[in-house]
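Working notes for the structure below.
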Amino acid sequence: MLKIDNLNLHYGSSQILHDISMQAELGKTTCIMGTNGVGKTSLLKAISGTHMRSSGDVSLNGEGLGKLPAHAMAQLGVGYVPQGRDVFPLLTVRENLETGYACLPHSEHFIPDEIFELFPILKEFLHRRGGDLSGGQQQQLAIARALITKPKLLLLDEPTEGIQPNIIKQIGKVIDYLRDRGDMAIILVEQFFDFAYEHADSFVILRRGAVVKSGAAGTLSRDELLEAVSV
């Protein structure tokens, strides 16, 4: 689904990512891990087109992509749930979801029932403003908004951050459901080790903006992963 070769990213004169190579497959959850400041969020932004990579090749479904901005990547099927959620606080839940229509033909401008099956609270709060929701409810809204665009690749940046345990469990079930559906590749950036270890099919470990370890879940032990993500 997604293949990255030798991706580099600069912020001004500072190089943030160094020759990143990785892939994410359909029906699999790939978890990017590492301590704070190693470039995990920057990598998701480079994949999504939010930040323009300096060099490197990115292909989606076997087709090479140029340096496309975020809206073009979204139209190609890349859904991005950023750290901090970025819910529109003054728009209602319905209006927040409807912003995803921009990536869809007019005939698909509706909220699928599946959204409310995955996140029942959103149906109850359709007319409530995004800014009035709790952190966990906002996270559910942010994921649902990305799903409205019918992504082929879903990027999740720290979906458990600041969320109560029952919502973390629900989000884990949603990730597993989307993975098992088999029509989507998922890339998860996650600091909560137990959550990542439970839900990931493969791991990419970053340190100082470079990949230091990667592999399928079955080939990396829990102790290896813990050591790799420790300071």
Side-chain angles (χ1 to χ4, degrees), residues 1-2 24 26-27 29 41 44-52 58-61 63 65-161 163 167 170-189:
M1 169 54 66
L2 175 78
L26 275 178
T29 297
T41 292
L44 288 197
K45 288 182 176 181
I47 295 171
S48 69
T50 306
H51 288 332
M52 206 59 66
V58 176
S59 61
L60 195 62
N61 287 332
E63 296 186 11
L65 304 178
K67 294 183 179 181
L68 299 177
H71 70 274
M73 294 296 285
Q75 290 171 340
L76 287 174
V78 178
Y80 178 36
V81 182
Q83 186 178 23
R85 304 179 270 280
D86 285 356
V87 164
F88 296 106
L90 298 182
L91 298 185
T92 66
V93 166
R94 177 184 292 278
E95 289 167 340
N96 267 278
L97 293 172
E98 288 173 346
T99 62
Y101 292 170
C103 299
L104 301 173
H106 192 268
S107 61
E108 297 180 17
H109 286 192
F110 60 90
I111 302 172
D113 291 339
E114 183 182 50
I115 295 294
F116 299 128
E117 292 168 3
L118 295 175
F119 303 111
I121 194 68
L122 298 183
K123 187 172 186 178
E124 182 180 342
F125 288 169
L126 270 178
H127 302 293
R128 186 170 296 191
R129 293 192 306 180
D132 294 334
L133 303 182
S134 70
Q137 292 160 357
Q138 287 187 3
Q139 187 66 70
Q140 292 175 78
L141 176 56
I143 296 172
R145 182 178 59 188
L147 295 179
I148 288 286
T149 68
K150 300 184 177 180
K152 301 168 187 172
L153 172 66
L154 180 64
L155 309 175
L156 300 170
D157 194 355
E158 302 278 10
T160 70
E161 184 178 42
I163 306 300
I167 303 297
Q170 181 189 9
I171 289 172
K173 289 180 178 179
V174 169
I175 291 172
D176 290 346
Y177 166 79
L178 295 172
R179 175 198 64 195
D180 294 343
R181 210 170 60 180
D183 60 355
M184 180 188 302
I186 300 172
I187 296 181
L188 169 68
V189 163

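Among residues two or more places apart in sequence or in another chain, the side-chain hydrogen bond (donor to acceptor under 3.5 Å, both in side chains) test is passed with Glu161 by Gln83. Residues forming a ring-ring contact (aromatic ring centres under 6.0 Å, His included) with His127 (at least two apart in sequence, or on another chain): none. Every residue two or more places apart in sequence or in another chain was checked for a side-chain hydrogen bond (donor to acceptor under 3.5 Å, both in side chains) with Gln138, and none qualifies. Here His109 pairs with Tyr101, His106 under the ring-ring contact (aromatic ring centres under 6.0 Å, His included) rule; sequence neighbours left out. Looking at residues two or more places apart in sequence or on another chain, you find a side chain to side chain contact (heavy atoms under 4.5 Å, CB included) between Ala74 and Cys103. Residues forming a salt bridge (charged side-chain N to carboxylate O under 4.0 Å, His left out) with Arg85 (at least two apart in sequence, or on another chain): none. Shown here are the side chain to side chain contact (heavy atoms under 4.5 Å, CB included) partners of Lys123, two or more places apart in sequence or in another chain: Phe116. Remark: Thr92 pairs with Glu95 by the side-chain hydrogen bond (donor to acceptor under 3.5 Å, both in side chains) rule, at least two apart or across chains. In this structure Thr160 satisfies the side chain to side chain contact (heavy atoms under 4.5 Å, CB included) test together with Ile168, Glu190, Phe192, Phe195, sequence neighbours excluded. Under the salt bridge (charged side-chain N to carboxylate O under 4.0 Å, His left out) criterion, Glu114 pairs with Arg181, not counting sequence neighbours. Judged as a side chain to side chain contact (heavy atoms under 4.5 Å, CB included), and not counting sequence neighbours, the contacts of Pro112 are Phe110, Ile115, Ile148.
Side-chain atoms of Ile171 and Leu156, non-hydrogen and from C-beta on, never get closer than 4.5 Å to each other. Within the 4.5 Å cutoff, side-chain heavy atoms of Met73 are placed close to those of Leu65. Residues Leu91 and Thr99 form a side-chain contact, since some pair of their non-hydrogen atoms from C-beta on lies under 4.5 Å apart. Counting only heavy atoms from C-beta outward, the side chains of Leu153 and Leu155 approach each other to under 4.5 Å. Residues Tyr80 and Asp157 have side chains in contact (heavy-atom distance under 4.5 Å, counting atoms from C-beta outward). Under the 4.5 Å side-chain criterion, counting only non-hydrogen atoms from C-beta, Lys152 is in contact with Asn61. Taking the side chain as every heavy atom from C-beta outward, Leu154 and Leu178 approach each other to under 4.5 Å. Considering only heavy atoms from C-beta on, Leu97 stays 4.5 Å or farther from Arg94 through its side chain.
A distance of 6.0 Å separates CZ of Phe119 from CD of Gln170, quoted to the nearest 0.5 Å. The structure places CG of Leu118 at 7.0 Å from CG of Leu147, a figure rounded to the nearest 0.5 Å. Annotation: the span from Leu188 atom CG to Leu44 atom CG amounts to 9.0 Å, rounded to 0.5 Å. Note: Ile163 CD1 to Ser134 OG = 7.5 Å, rounded to the nearest 0.5 Å.
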Inset, instruction - Evaluate the criterion side chain to side chain contact (heavy atoms under 4.5 Å, CB included) for residue pair Thr29 and Ile175; output intermediate values, then yes/no. - result: CA-CA 8 Å; Thr29 297; Ile175 291 172; 3.8 Å; yes
Inset, instruction - Please test Val81 against Gln139 for side chain to side chain contact (heavy atoms under 4.5 Å, CB included), starting from the C-alpha separation and ending with a verdict. - result: CA-CA 9 Å; Val81 182; Gln139 187 66 70; 3.5 Å; yes
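Nearest heavy-atom pair across Leu104 and Thr149 is CD2-O, 3.7 Å. When all heavy atoms of Leu122 and Val93 are compared, the pair lying nearest together is O-CG1, 3.9 Å.
Listed by first and then second residue, the salt bridge (charged side-chain N to carboxylate O under 4.0 Å, His left out) pairs that reach into residues 125-151 are Glu108-Lys150, Arg129-Asp132, sequence neighbours excluded.
Asn96 contributes a side-chain N or O that, together with a main-chain N or O of Phe88, makes up a donor-acceptor pair within less than 3.5 Å.
Heavy-atom contacts from other residues, nucleotides or ligands closer than 6.0 Å to CG of Asp113 number 12 or fewer.
Using a 4.0 Å cut-off between a side-chain N of Lys or Arg and a carboxylate O of Asp or Glu, Asp176 and Arg179 qualify as a salt bridge.
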